[in-house]
> 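If you scroll down you'll find the structure; I have some questions about it.
Computed from a predicted structure; not experimentally measured.
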Amino acid sequence: MAYLTTPIYYVNDRPHIGHVYTTLVADVAARADRLLSGTPGATFLLTGTDEHADKVVTSAAAHGMTAIQWADRNAAEFERAFKAMNLAYDDFIRTTQPRHTSRVTAYITALMKAGSIYKGTYEGWYDANQEEYLTETAAKDANYLSPVNGQPLIRRSETCYFFRLSAYQDRLKQHFDDHPHFIRPEARRNEVLGRLREGLQDVPISRPVTDDPATQFGIRVPGDDAHRIYVWIDALFNYLSVVDTDERRKFWPPRVHFLAKDILWFHAVVWPALLLALQESAPEWSWVKLPGSVYSHAYWVREGRKMSKSLGNFVTIEVLQAYADKYSRDAVRWYLLTQGPLGTTDADFSHAKFVEVYNADLANGLGNCASRVGNMIDKYFGGELPDPRGQADHAGHDWRALQKDLAAQASSALREDDLSGYASAAVALIRAVDGYINQTAPFKLAKRLDTDPGVRDELGLILYHCAEAVRAAAVLMSAIIPEKTGALLGSWGAGGGAGLTLEQLCAWGGPASLRPGQRVGKGEILFMRADPAEAPPA
């Protein structure tokens, strides 16, 4: 079983490239997990929206709406955006739904009974933009300005409930030592360890309810309606509330939480501590183990500049849709996935780079390769796949070994959530086909068909190897570009393989391999070559 999650996204505004990117990473990882296991229903992907925030209330009021009306509108915007980019998920949670709020109340009740939550007074520096308190050290390091939007931090004092985070300092450190891949990439792990060395303080997990309407939107602290549960604590529990049912507990714990770097601390430190506390609160919660890992990626910039509202340069859903309309949404998925900030360095959404990658990997890569091979089989063999006579090795290319090695490389990369490495394995297979075609020159060989009968067997051998390798490459790419690869595999009669693992699907001569004599259609051109001189789509 594999359980993967995205963060749940604030509904104070509409979605943009950052939300799409994180969800795409999780979508590709989930599709790839299904390929790896070959077991239907063994992977569960969760996304959704985080709605109990003060900013939701204030944004709603500014637009003449109630908080729930605003949340309804923007939650629908997220679902539409994800559908537009063909992002598939198994559930979409909204934190205003009763199935979530009731479970959060149960978790907080258990923690209160166990003494992990207590009432006290908090004074500190508050970041209104993030709805988050900063430690004195963090506030000082940021010159008492929000690290996110640069606005001044607010000094606040209020009565609230606290979670005994300090009690888990040693336990967390030990867990990080015992599980070095719990926080990834490595640089992010080092950031967390550095901050952990400063010592953990107990954290407020509630906010007082006042006459201000913004403070009245949220889940009440059990037994104390004068306090509501802090939005970040409420939100973190979504990962548990969704699968805390008789049918879904089998998916716990999550294999990986995917998220952006700005929310790493909550997920890497506060969240596992809450789970440890819940696990220890009563025997009924003993099954609540810690997640496998927290994967924190960097940000997107645009044409070399940081995105901001003041610059008006966000890559909006409309921008992504324009690219999808012109180049296909699979092309957008490929660019975001292969060029995105999966590591610790921010990535640039550049039109010139988009066209370069699109042409190299898709138009001149998979698309051109599939078209050349399909057209040759149609022209020289009437659209029927020739027989390689069991011969996998030709002209220095051992296709059985190459497909096996690249499928193993892709599988290994996927197990480490190295999605760039996974994509590279597929691209390597296509490039091997291109090199093989250039070396063996089947077009030239075909000119001798009428004068040299022996040429037909060699030509058939070459084209079978090319078609079979393109098929395997399409299988590898299918988690990233499912529509175009699905169309190709379908036109070649290679759409089966249910219940097979990735390595079985890609094996030369394996159960999913192309069979001599089957129809291989020419098919439509998958990706038209783009003109680098053309302006970005509007």
Side-chain angles (χ1 to χ4, degrees), residues 35 365-411 425-478 485-497 500-523 526:
L35 282 175
L366 174 66
N368 184 56
C369 197
S371 179
R372 293 173 77 189
V373 173
N375 285 336
M376 285 190 284
I377 292 173
D378 180 74
K379 183 175 182 179
Y380 305 131
F381 291 89
E384 289 189 1
L385 193 68
D387 190 344
R389 305 177 310 283
Q391 186 176 338
D393 191 342
H394 178 251
H397 288 72
D398 185 343
W399 292 101
R400 178 181 283 108
L402 183 59
Q403 288 181 204
K404 180 180 180 180
D405 289 348
L406 288 175
Q409 178 183 316
S411 297
V427 170
L429 194 49
I430 288 296
R431 288 177 180 163
V433 175
D434 279 335
Y436 182 58
I437 290 174
N438 291 337
Q439 178 186 352
T440 57
F443 283 111
K444 293 181 180 179
L445 197 63
K447 294 178 180 179
R448 296 161 43 197
L449 280 173
D450 293 337
T451 59
D452 186 351
V455 165
R456 186 172 183 82
D457 285 344
E458 185 175 1
L459 181 61
L461 181 69
I462 293 169
L463 293 182
Y464 178 88
H465 287 160
C466 291
E468 170 59 10
V470 168
R471 179 202 67 83
V475 169
L476 289 175
M477 288 182 169
S478 65
T485 55
L488 172 61
L489 293 170
S491 71
W492 284 13
L500 301 177
T501 66
L502 180 61
E503 295 188 42
Q504 289 172 327
L505 284 170
C506 294
W508 195 98
S513 283
L514 297 173
R515 296 290 179 250
Q518 74 181 68
R519 300 293 300 180
V520 173
K522 289 195 295 184
L526 296 177

> Out of curiosity, Leu461 CG to Glu458 CD, how far, rounded to the nearest 0.5 Å?
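Reported to 0.5 Å precision, the distance equals 7.5 Å.
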> Which pair of heavy atoms, one from Arg400 and one from Trp508, lies closest together, and at what distance?
NH2-CZ3, 3.3 Å
> Does any non-hydrogen side-chain atom of Glu468 lie less than 4.5 Å from one of His465?
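Heavy-atom side-chain distance check fails, nothing below 4.5 Å.
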> Indicate the atoms forming the closest heavy-atom contact of Ala472 with Gln403, along with that distance.
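So the two residues come closest at CB-NE2, 3.8 Å.
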> Any side-chain to backbone donor/acceptor pair from Thr440 onto Tyr436? Under 3.5 Å, distance only.
yes
> Answer whether the closest heavy-atom distance between the side chains of Leu406 and Cys506 falls below 4.5 Å.
no
> Looking at NZ of Lys379 and NZ of Lys522, how far apart are the two atoms once the value is rounded to the nearest 0.5 Å?
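Here the interatomic distance stands at 10.0 Å.
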> Using a 4.5 Å cut-off on heavy atoms from C-beta on, say whether the side chain of Leu502 contacts that of Leu476.
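Contact flag for Leu476/Leu502 side chains = yes.
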> Are the side chains of Ile462 and Met376 in touch, meaning some heavy atoms are under 4.5 Å apart?
no
> Could you tell me which non-hydrogen atom of Ala467 sits nearest to which non-hydrogen atom of Trp492, and how far apart they are?
O-CZ3, 3.4 Å
> Nearest 0.5 Å please: distance from the OG atom of Ser513 over to the CD atom of Gln504.
11.5 Å
> Counting N and O atoms only, with roles assigned by atom type, does the side chain of Gln518 sit under 3.5 Å from a partner on the main chain of Leu385, one being a donor and the other an acceptor?
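Answer holds: no.
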> Please name the pair of heavy atoms, one in Pro453 and one in Thr451, separated by the smallest distance, quoted to 0.1 Å.
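Distance-wise, the nearest heavy atoms are CD-O, 3.8 Å.
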> If we ignore hydrogens and angles and just use 3.5 Å, is the side chain of Ser371 paired with the main-chain N or O of Asn368 as donor and acceptor?
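Between the backbone of Asn368 and the side chain of Ser371 there is no qualifying donor-acceptor contact (under 3.5 Å).
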> Taking all non-hydrogen atoms of both residues into account, name the closest pair between Ala474 and Thr485 and its distance.
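Shortest heavy-atom contact: O-CG2, 3.4 Å.
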> Would you name the heavy atoms of Leu445 and Val455 that are closest together and state the gap between them?
O-CG1, 3.3 Å
> Counting N and O atoms only, with roles assigned by atom type, does the side chain of Gln439 sit under 3.5 Å from a partner on the main chain of Ala395, one being a donor and the other an acceptor?
yes
> Would you confirm whether Trp399, through its side chain, and Asp393, through its main-chain N or O, come within 3.5 Å as a donor-acceptor pair?
no
> Are side-chain heavy atoms of Val520 and Val373 found at a separation under 4.5 Å?
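SC-SC contact between Val520 and Val373 ruled out.
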> Are the side chain of His397 and the backbone of Val433 linked by a donor-acceptor contact shorter than 3.5 Å?
no
> Hey, can you tell me if Phe443 and Tyr380 have their rings parallel, tilted or perpendicular (30° and 60° cut-offs)?
perpendicular
> Please report the interatomic distance CG(Leu459) to CZ(Arg448), rounded to the nearest 0.5 Å.
10.5 Å
> Step through the shown structure and confirm whether more than 12 heavy atoms of other residues, nucleotides or ligands are within 6.0 Å of CG on Asp450.
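No, because the 6.0 Å sphere around CG of Asp450 holds 12 heavy atoms or fewer from other groups.
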> CD1/Ile430 to CG/Leu366 distance, rounded to the nearest 0.5 angstrom?
5.0 Å
> Can you measure from CG (Asp405) to CD (Glu503) and round to the nearest 0.5 angstrom?
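Spacing of CG (Asp405) from CD (Glu503) equals 10.0 Å.
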> Where the side chain of Tyr464 meets the backbone of Leu514, is there a donor-acceptor pair that is under 3.5 Å apart?
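Looks like yes, one N/O pair under 3.5 Å.
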